[in-house]
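Below, read A as the first sequence line, B as the second, and so on, with proteins coming before strands; counting in each chain starts at 1.
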Amino acid sequence: GQQVMQIPQYQHVQEGEDFTTYCNSSTTLSNIQWYKQRPGGHPVFLIQLVKSGEVKKQKRLTFQFGEAKKNSSLHITATQTTDVGTYFCSCSRGTYKYIFGTGTRLKVLA
Amino acid sequence: EAGVAQSPRYKIIEKRQSVAFWCNPISGHATLYWYQQILGQGPKLLIQFQNNGVVDDSQLPKDRFSAERLKGVDSTLKIQPAKLEDSAVYLCASSPGLAGVNTGELFFGEGSRLTVL
């Protein structure tokens, strides 16, 4: 079945440093979603990207969809302790069926 | 607007026992999902319903897991008999599906944490 891999698996950064996580697929994606899951919490939707090369920003978060629609990235500028959590990408496969990536766990050191 | 409700939040059972989880999606959401999330991993789709019909259950271990959504609203997920490797958080999610505008967002409940001893 379709797999969505994320790198890195873990990332520790000092508060104020930038952070990037990458999502890679072996097949072309119709769209991609990003979620954040706080420790002990449930995934919370951040954004969906649908167009080739699309770039969207939410405050300090920048999301990008690759030109070939096989990869995506999430970049956080100047991390804060509130950014701690695991970031997942997901992609749709079939009618409203969503497959989640392996996740990147972010730890921010104050 | 009320979110996705799940119960129980926590459950501890011994292997070979049975357990059931309940989910009430957001009102009007046609699509309901059950995901299994093992510690340190991403959510794994177990089953997807559109109204009261199963859309995808290819990853559901049908020898021990069953799920139903009889009236197209709330849903139950059952495990019988449980194994040690079933220890996980069981997440229910819903989306408008064919009943409305979709933004790609799944709305998750708080999850039911299962520990099998």
**Prompt:** Which bit of B:Leu45 comes within less than 4.5 Å of chain A, counting heavy atoms only: side chain, backbone, both or neither?
**Reply:** side chain
**Prompt:** In terms of heavy-atom pairs under 4.5 Å, which option from B:Gln41, B:Glu110, B:Arg113 contacts chain A the most?
**Reply:** B:Glu110
**Item:** More than 12 heavy atoms of other groups within 6.0 Å of B:Glu14 CD
**Value:** no
**Message:** For A:His75 together with A:Phe19, are the ring centres under 6.0 Å from each other?
**Reply:** no
**Request:** Check each atom of A:Gln6 against the heavy atoms of chain B and say whether the ones under 4.5 Å are side chain, backbone, both or neither.
**Result:** neither
**Prompt:** Can any side-chain N or O of B:Asn51 pair as donor or acceptor with the backbone N or O of B:Gly53 at less than 3.5 Å?
**Reply:** no
**Complete:** Ranked by heavy-atom pairs below 4.5 Å to chain A, first place among B:Pro43, B:Gly40, B:Ser58 goes to B:Pro43
**Fill in**
Cut-off 4.5 Å, heavy atoms of chain A, and the answer for B:Gln59 is neither
**Request:** Determine whether the aromatic ring centres of B:Tyr35 and A:Phe100 lie less than 6.0 Å apart.
**Result:** yes
**Prompt:** Among residues 102-110 of chain A, which residues come closer than 4.5 Å to chain B, judged by heavy atom distances?
**Reply:** A:Thr102, A:Arg105
**Message:** Taking the basic N atoms (NZ, or NE/NH1/NH2) and the acidic carboxylate oxygens, is any pair closer than 4.0 Å for B:Asp74 and B:Arg69?
**Reply:** no
**Item:** Check: A:Tyr22 and A:Asn71 side chains under 4.5 Å, non-hydrogen atoms
**Value:** no
**Prompt:** Any side-chain heavy atom of B:Leu117 sitting closer than 4.5 Å to one from B:Ile12?
**Reply:** yes
**Asked** Is it the side chain or the backbone of A:Phe88 that comes within 4.5 Å of chain B heavy atoms, both, or neither?
**Response** side chain
**Nearest heavy atoms of B:Pro81 and B:Arg64, plus distance in Å** = O-NH1, 3.0 Å
**Prompt:** Do you know which of B:Ala93, B:Ser95, B:Gly109 has the most heavy-atom pairs under 4.5 Å to chain A?
**Reply:** B:Gly109
**Message:** Ring-plane angle category for A:Phe63 and A:Trp34, please: parallel below 30°, perpendicular beyond 60°, tilted otherwise.
**Reply:** tilted
